[in-house]
Each structure stands twice: as structure tokens, then as C-alpha cells.
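FYI, the numbering just counts along the sequence from 1. Just so it is clear, the structure is predicted and the values come from calculations on it, not from any experiment.
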Amino acid sequence: MLLAIDVGNTSITVGIFSGEDLVYSFRVDTDRTKSPDDYGIIFFGKMNDNDISPSSLSGAILSCVVTEMQEGMAKLVEKYFGYEPIIVGPETRTGMPIRIYNPEELGSDRIANALAAYHRFGGSVIVVDLGTATTFDCVSEKGEYLGGVIVPGIELSTVALYHGTSRLPKVETEKPEQVIGKDTVECIQSGLFYGYASMIDGLCEKLKEEMGSSPEVIITGGFADAIFDECVCATNVDKDLALHGLRLLHELNSQILC
């Protein structure tokens with residue numbers, strides 16, 4: 001079985017694969033004050049509670065966009081699970097031509113998403129990842145990574161409103177019953193939820209025009225399930241898309257290491 005870890009700015013997603021099947025996954029908050037041992041104990045405990053033994057693992061892969069945590073997370077995997085993980089970076093083989101100015105700038109989570117989406121649909125695709133940042137990643141019919149869009153994420157916008165104003169409260173990000181808010185909280189929730197859904201639809205239409213195709217649109221990330229039903233453009237939702245991409249990257253790069 002394969003251990004796949006995706007460290008994002010807001011959350012860490014962990015998946016266990018048996019072949020191509022994701023048999024178990026979980027999320028924990030990203031906390032830069034926690035030590036690798038703290039996370040090791042958490043990961044080990046969750047796997048143990050689900051009868052997954054470290055001895056059943058055959059490899060590991062790590063994607064980490066939090067630079068200061070990467071070394072510690074890699075050591076965690078070695079110490080608690082007995083494998084030196086493949087770390088996704090600029091030198092990682094992707095099997096996907098990267099058609100942007102500086103390929104080394106592309107986040108490891110974004111290439112994992114793009115690879116998984118193209119592998120699933122076998123044609124042009126737009127991946128919308130609702131994380132700390134909301135990212136749009138475009139893949140051509142030929143499987144080329146074309147580039148994308150980055151905007152502040154929903155939660156980041158919530159925090160910015162709270163800290164950037166003197167009277168607006170920090171609210172929970174959830175779908176209000178109607179677009180027209182009847183108090184300040186409902187107004188903010190409406191702006192965040194329906195505003196982001198409309199932004200996704202609008203940007204996807206513009207991206208489709210530039211791509212010159214009819215791509216599938218898959219939504220992933222922490223808010224994927226909540227936003228999916230409200231987006232006209234969205235055809236699929238998968239909160240674990242990056243994990244599936246990491247599995248594919250492990251297959252490509254473990255062959256090189258052998």
C-alpha cells in the first residue's frame with residue numbers, strides 16, 4: 001500500500017492506496033507550531049484506529065507547499081513508517097508537458113491535481129481547487145499543462161474582511177438560504193458563497209474560450225462539496241483529487257528509482 005501526504009497551507013490530507021483504490025483518507029489542520037513527532041503520532045493513531053499497519057506500506061510520496069515543514073514531514077515518514085518519501089518538486093517526472101514561463105514555480109499540489117484530472121477524463125480539463133487560495137489549472141486535449149488563475153480563497157477573504165474593517169464580524173463560511181442577506185452575517189455569507197460560485201462560473205467560461213475546447217470542470221479542495229451544486233460549469237467534484245495525482249506521480253517516479 002502507498003502512503004500519500006499533501007501538505008497545504010490550511011490542511012494536510014493523508015491517503016492510503018491499495019493499488020489504484022483510495023482505501024482511507026483523512027484531513028488535519030496545518031499547524032506550523034506542531035513538531036514532526038506531533039504529526040507522526042496523529043497519523044499513526046488514525047491509521048491504527050482503522051487497522052492499517054505501517055508494515056503494510058510499500059512506499060510513500062509527499063507534496064508540501066509549506067516550505068518550512070517539508071524537511072520535517074519527510075523525516076516523519078521515515079521515522080514512523082519506514083520509507084524515504086518521494087518529494088514532489090521541480091525535478092519530479094510528471095509525464096505532462098508544462099507550458100508556462102517558469103515550470104519550477106508550479107506548486108506540487110497543482111500539478112498533482114492536473115495530472116489526476118487528465119488521467120481520469122483523457123481530455124481537456126479545468127481543475128478548480130478551493131483551498132487557502134482558489135486556483136484554476138488548465139490542461140489541453142493533448143495533456144499539456146497550460147497555466148491557470150490564482151485568487152484569494154474563501155476563508156482568506158473571510159479573515160481579510162474581519163481584520164480589514166472595524167465593524168464586520170468573522171463569520172462561518174456556509175451557504176445562506178437566499179442571496180439577499182437580511183443582516184450583516186447573511187450578507188457576508190452570501191457574498192462569499194454565491195460570489196465565489198459566480199466567479200468560478202465566469203472565469204471558467206473565459207478559460208474555455210481561450211482553451212478553444214469544451215473541458216470538464218472538476219472542483220476539489222476543502223469547500224468543494226459546498227460550492228459544487230451552485231456552480232453551473234462544474235461537472236465533477238472530488239475532494240481527494242490531489243491524492244490520486246500523488247499516486248500517479250509515485251508510479252512514474254518509483255520506476256525511475258528502481
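A donor-acceptor pair under 3.5 Å links the side-chain atoms of Asp238 to the main chain of Asp240, judged by distance alone. Judged purely by atom type and a 3.5 angstrom limit, Ser56 has no side-chain atom pairing as donor or acceptor with the backbone of Ile52. Proximity of a side-chain donor or acceptor of Asp129 to a complementary backbone N or O of Thr135 within less than 3.5 Å is not detected. The backbone N or O of Cys187 lies less than 3.5 Å from no partner atom in the side chain of Ser190, so there is not a single donor-acceptor pair. The backbone N or O of Pro176 lies less than 3.5 Å from a partner atom in the side chain of Tyr194, making a donor-acceptor pair.
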Is there a side chain to side chain contact (heavy atoms under 4.5 Å, CB included) between Glu155 and Thr173 once you walk through the steps? CA-CA 7 Å; Glu155 187 65 24; Thr173 305; 3.5 Å; yes
Carefully, step by step, assess Glu186 and Asp183 under the rule side chain to side chain contact (heavy atoms under 4.5 Å, CB included). CA-CA 5 Å; Glu186 286 186 359; Asp183 58 23; 3.3 Å; yes
Go through the steps for Asp6 and Val14 under the test side chain to side chain contact (heavy atoms under 4.5 Å, CB included), then give the verdict. CA-CA 6 Å; Asp6 179 26; Val14 180; over 6 Å; no
Given side chain to side chain contact (heavy atoms under 4.5 Å, CB included), test Ile150 with Arg110 step by step and report yes or no. CA-CA 11 Å; Ile150 301 175; Arg110 296 179 70 187; 3.4 Å; yes
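Placement of Val217 and Val127 in two distinct hydrophobic clusters is found when ILVMFWY residues are connected by side-chain heavy-atom separations under 4.5 Å, directly or transitively. In the hydrophobic clustering of this structure, Leu243 does not group with Leu3; members are Ile, Leu, Val, Met, Phe, Trp, Tyr whose side-chain heavy atoms approach within less than 4.5 Å, directly or through other members. Hydrophobic clustering, with ILVMFWY side chains joined whenever heavy atoms are under 4.5 angstrom apart, keeps Ile100 apart from Leu146. Hydrophobic clustering of Ile, Leu, Val, Met, Phe, Trp and Tyr side chains at less than 4.5 Å, counting indirect connections, unites Leu76 with Leu62. One hydrophobic cluster, built from ILVMFWY side chains closer than 4.5 Å, cannot hold both Ile61 and Ile16; they sit in different ones.
Contact annotation: the side chain of Asp29 never approaches that of Thr10 to less than 4.5 Å [non-hydrogen atoms, C-beta and beyond]. Side-chain contact between Leu130 and Ile227: present, with at least one pair of heavy atoms (C-beta onward) separated by less than 4.5 Å. The shortest distance between side-chain heavy atoms of Met69 and Ile12 falls below 4.5 Å. Inter-residue side-chain proximity for Met211 and Ser140 is flagged as unmet; no heavy-atom pair is nearer than 4.5 Å. Between Tyr196 and Glu230 the shortest side-chain heavy-atom distance does not fall below 4.5 Å. Side-chain contact between Glu78 and Tyr83 is absent, with no heavy atoms from C-beta onward closer than 4.5 Å. Inter-residue side-chain proximity for His163 and Leu168 is flagged as unmet; no heavy-atom pair is nearer than 4.5 Å. Leu57 is listed as a side-chain neighbour of Met47, based on a closest heavy-atom distance under 4.5 Å.
Atom OG1 of Thr220 is separated from atom NE2 of His244 by 9.0 Å, given to the nearest 0.5 angstrom. The CZ atom of Arg27 sits 8.0 Å away from the OG atom of Ser25 when rounded to the nearest 0.5 Å. The distance from atom OG of Ser157 to atom CD1 of Ile188, rounded to the nearest 0.5 Å, is 11.5 Å. Atoms CG and CG, from Leu241 and Asn113 in turn, are 4.5 Å apart once rounded to the nearest 0.5 Å. The CD atom of Glu91 sits 10.5 Å away from the CG atom of Asn253 when rounded to the nearest 0.5 Å. Rounding to the nearest 0.5 angstrom, the gap separating the CE atom in Met1 from the OG atom in Ser53 is 8.0 Å.
Residue Gln70 is tested with Val88, Ile87, Val65 for a side-chain contact (heavy atoms from CB on, under 4.5 Å); the sole match is Ile87.
Between Phe43 and Phe26, the ring center distance clears the sub-6.0 Å criterion. Aromatic pair His250/Phe17: centroids not less than 6.0 angstrom apart.
Counting heavy-atom neighbours within 6.0 Å of Lys170 NZ, excluding the residue itself, gives a total above 12. Counting heavy-atom neighbours within 6.0 Å of Glu68 CD, excluding the residue itself, gives a total above 12. A 6.0 Å sphere centred on CD of Gln178 holds more than 12 heavy atoms belonging to other residues, nucleotides or ligands. Summarising the local packing, NZ of Lys239 is surrounded by more than 12 heavy atoms from other residues, nucleotides or ligands at distances under 6.0 Å. The number of heavy atoms from other shown groups lying within 6.0 Å of CD (Glu84) does not exceed 12. Residue Tyr24 qualifies as enclosed at atom OH: its count of foreign heavy atoms under 6.0 Å is above 12. Counting non-hydrogen atoms of neighbouring residues, nucleotides and ligands closer than 6.0 angstrom, the CD atom of Glu104 exceeds 12 such neighbours. Annotation for Lys142: atom NZ does not count as buried by contact number, only 12 or fewer foreign heavy atoms lying within 6.0 Å.
Using a 4.0 Å cut-off between charged nitrogen and carboxylate oxygen, Glu210 and Lys206 do not count as a salt-bridge pair. A salt bridge does not link Asp229 with Lys175: none of the charged nitrogens is closer than 4.0 Å to a carboxylate oxygen.
In plain terms, the two heavy atoms of Leu249 and Arg93 that are nearest each other are CD2-O, 3.6 Å. For the residue pair Pro54 and Phe81, the shortest heavy atom distance occurs at CB-CD2, 4.0 Å. Closest approach of Val128 to Cys204, counting heavy atoms only: CG2-SG, 4.1 Å. In terms of heavy-atom proximity, Thr134 sits nearest to Ile154 at OG1-N, 4.3 Å. Considering every non-hydrogen atom in both Leu2 and Arg247, the closest pair reads CD2-CA, 3.8 Å. Taking both residues in full, the closest heavy atoms of Ser254 and Glu251 are given as OG-O, 3.5 Å, listed atom of the first, atom of the second, then distance.
Side chain to side chain, Glu216 and Thr235 meet the donor-acceptor criterion of an N or O pair below 3.5 Å. Side-chain contact of Ser35 with Asp37: a donor-acceptor pair under 3.5 Å is absent, judged by distance alone.
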